[in-house]
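Notes follow once the structure below has been shown.
Throughout, a chain's letter reflects where its sequence line sits, starting with A, and its residues are numbered from 1.
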There are 2 protein chains.
Amino acid sequence: MALTIKVNEETFTPRQQAVLTAALDLLVENGDGLTMTAVARRASCSKETLYKWFGDRDGLLTATVQWQAAKVRMPVVDRSHLNAKALRSSVEQFARDLLTVLTGEISVTLNRTAVTHAAQEKDSLGTIVLENGPLAIRRRLKPIFEAGRDARLLRFDSSEDAFRTFFGLVVRDVQIRMLLGDKTLAQTNIEADAKAATDQFFALYGADTTQ
Amino acid sequence: MALTIKVNEETFTPRQQAVLTAALDLLVENGDGLTMTAVARRASCSKETLYKWFGDRDGLLTATVQWQAAKVRMPVVDRSHLNAKALRSSVEQFARDLLTVLTGEISVTLNRTAVTHAAQEKDSLGTIVLENGPLAIRRRLKPIFEAGRDARLLRFDSSEDAFRTFFGLVVRDVQIRMLLGDKTLAQTNIEADAKAATDQFFALYGADTTQ
DNA sequence: GTAGAACCGTACCGTACGGTACGCCTCTGC
DNA sequence: GCAGAGGCGTACCGTACGGTACGGTTCTAC
């Protein structure tokens, strides 16, 4: 029996993963260059196999995005002993991770692909990207925030709003500029930006207003 | 070869603007449906005329985006008599305008088009959109911020950073979610969001920490 | 009136690409 | 060994679309 990995109820054989890797590579190299012929050639498989496995071009695209997006794994933060310092450190780590992912070539490519897809009355890819990007981070961050509130380290009414503000403070205009091809962001200092965003977040939501 | 067209100098005849309107309508209605044949039919002109006027498909796309983007005009804020109330009101107005524009159908369409374009190693449309979107707002807002700093109502080192934080607080994840086709944002309350973002901005950058 | 420019409508061409068909090879189970 | 399945490579088909050509019509200038 071939070794398979589980990706949201969907399993891909190693051979299929090689195909998806080829597809992703083509996407990254040349955004719109994902032709079935190109994937088949790159992966050394026949087009017939592609259609058999993924149905059609959209299926291949969806599988590629879903498979890759699911690979993004946020670090698990220890919630057991939460003090001000640990909380801030965790939040800052999330900010760093978020910026690192969003400015990465793969994230930019997948988001562009999903946006392009959404421009054609198809929002399935957009949903996948959202689900595995911002929303995944939100799911991880939410318990941290609420633990912080329980420990009277944070103050907010809605964890949803707190997260969205956090997202805005961290990402600012970076993502949209990356998506639009702005190259003047190359020298972005993720460390410093993450720290600044964390400071601002705590200035807004920290319970201790004197810090 | 694309023509270089300066929108600011009214170089489009009314007939040409009618063509661009048709192109924009097609873009909005059906993101990827901008075929030369469709534009020609919609605008009741011949394809030959399209190519004569705009060079090629990219030229038509560029002219459409540039022409439309340049139509976005931010309100001019009176800077002469600046007090805390007027400043806050101006900033909040900008937040409202920014959200209104970015959540609008046309902005979403143009940004999607530019992102799609950027996925094909072409960043011209992205540059145009950035230039006429965030950067245009920044140019308008920057003197307001600096006037606020001169009046000791605001405190910041870099107006660039202040603006980008303002952008993040206002836009948060709204734009990327719109671009990705998220429909759960329909009930967004622009008024309330703009006010909240303004409050947060002044909490971070206001010189009077007691307000 | 006539010449010429601008432009509309349509037909046409070439290509790229999604999708299908088929011949051949390899590998597995019996 | 043999049959069948799975899969590779290639040829092929249909269509959509970018781009061009051309005849016919309207408008303008003189």
Side-chain angles (χ1 to χ4, degrees), chain A residues 1-4 10-65 112-113 116-117 119-122 124-125, chain B residues 1-3 5 10-65 112-113 116-117 119-122 124-125:
Chain A
M1 187 55 184
L3 178 66
T4 58
E10 189 95 13
T11 56
F12 296 114
T13 68
R15 185 73 184 98
Q16 288 172 330
Q17 292 183 49
V19 170
L20 295 179
T21 301
L24 182 65
D25 287 348
L26 283 173
L27 268 187
V28 171
E29 287 171 24
N30 181 5
D32 67 335
L34 190 91
T35 68
M36 301 302 275
T37 304
V39 173
R41 188 157 41 222
R42 175 73 64 103
S44 293
C45 71
S46 72
K47 286 169 67 175
E48 198 170 23
T49 301
L50 292 184
Y51 285 100
K52 179 173 184 177
W53 285 350
F54 304 104
D56 56 9
R57 184 178 181 277
D58 243 38
L60 173 60
L61 212 51
T62 302
T64 303
V65 171
R112 278 181 182 159
T113 303
T116 300
H117 209 244
Q120 303 158 6
E121 77 259 14
K122 284 273 181 184
S124 57
L125 288 189
Chain B
M1 182 62 69
L3 300 178
I5 298 170
E10 195 76 25
T11 36
F12 291 123
T13 67
R15 184 73 183 97
Q16 288 173 330
Q17 291 185 44
V19 169
L20 294 180
T21 300
L24 182 65
D25 287 348
L26 282 173
L27 268 187
V28 171
E29 287 172 22
N30 181 4
D32 66 336
L34 191 90
T35 68
M36 301 303 275
T37 303
V39 173
R41 187 157 42 222
R42 174 74 63 105
S44 293
C45 71
S46 72
K47 286 170 66 176
E48 197 170 22
T49 301
L50 291 184
Y51 285 101
K52 179 174 183 178
W53 285 348
F54 304 104
D56 57 8
R57 184 178 180 278
D58 243 38
L60 173 60
L61 212 52
T62 302
T64 303
V65 171
R112 278 181 182 158
T113 304
T116 300
H117 209 245
Q120 302 158 7
E121 75 257 16
K122 303 211 168 194
S124 58
L125 288 190

Report task. Report the distance from atom CG of B:Leu50 to atom P of C:dA6, rounded to the nearest whole Å. Result -> 16 Å
Report summary line: Winner on side-chain proximity to B:Cys45, out of C:dC8, C:dG18, D:dG18, is C:dC8
Requested in this report: Taking the side chain as every heavy atom from C-beta outward, state whether A:Leu20 and A:Trp53 have any atom pair closer than 4.5 Å.
Outcome: no
Query raised in the report: Do B:Leu27 and B:Arg112 come within less than 4.5 Å of each other through their side chains, counting heavy atoms only?
Result: no
Report summary line: Contacts of A:Thr116 meeting side chain to side chain donor-acceptor pair (under 3.5 Å) (sequence neighbours excluded), chain-then-number -> B:Thr116
Report summary line: Distance col, row A:Gln16:CD vs A:Thr49:OG1, nearest 0.5 angstrom, shows 10.0 Å
Query raised in the report: Rounded to the nearest Å, what distance is computed from the NZ atom of residue A:Lys47 to the P atom of nucleotide C:dG18?
Result: 7 Å
Query raised in the report: Which whole-number value in Å describes the distance from B:Phe54 CZ to D:dT20 P?
Result: 16 Å
**Report entry** Atom-pair distance (CG on A:Asp56; C1' on D:dG14), nearest Å
**Finding:** 17 Å
Query raised in the report: Between A:Tyr51 (OH) and C:dC17 (P), how many Å, whole number?
Result: 12 Å
**Report entry** Rounded interatomic separation in angstrom, taking CE from A:Met36 and P from D:dG9
**Finding:** 15 Å
**Report entry** Out of C:dC17, D:dC8, D:dG19, whichever nucleotide has its closest atom nearest the side chain of A:Arg15
**Finding:** D:dC8
Requested in this report: Give, for atom CG of A:Leu61 and atom NZ of A:Lys122, the distance between the pair rounded to the nearest 0.5 Å.
Outcome: 11.5 Å
**Report entry** Residue A:Arg57, side-chain heavy atoms: nucleotide from C:dG18, D:dG18, C:dC8 that is nearest
**Finding:** C:dG18
Query raised in the report: Can a side chain N or O of B:Trp53 be found less than 4.0 Å away from OP1 or OP2 on C:dC7?
Result: yes
Query raised in the report: Whole-Å distance between C:dA5 P and B:Glu48 CD?
Result: 14 Å
Query raised in the report: Of the candidate nucleotides D:dG7, D:dG18, C:dC8, which contains the atom at the shortest distance from the side chain of A:Lys52?
Result: D:dG7
Report task. Ignoring backbone atoms, test whether B:Thr49 places a side-chain nitrogen or oxygen under 4.0 Å from the OP1 or OP2 oxygen of C:dC8. Result -> yes
**Report entry** Whole-Å distance separating the CG atom of B:Asp32 from the P atom of D:dA16
**Finding:** 13 Å
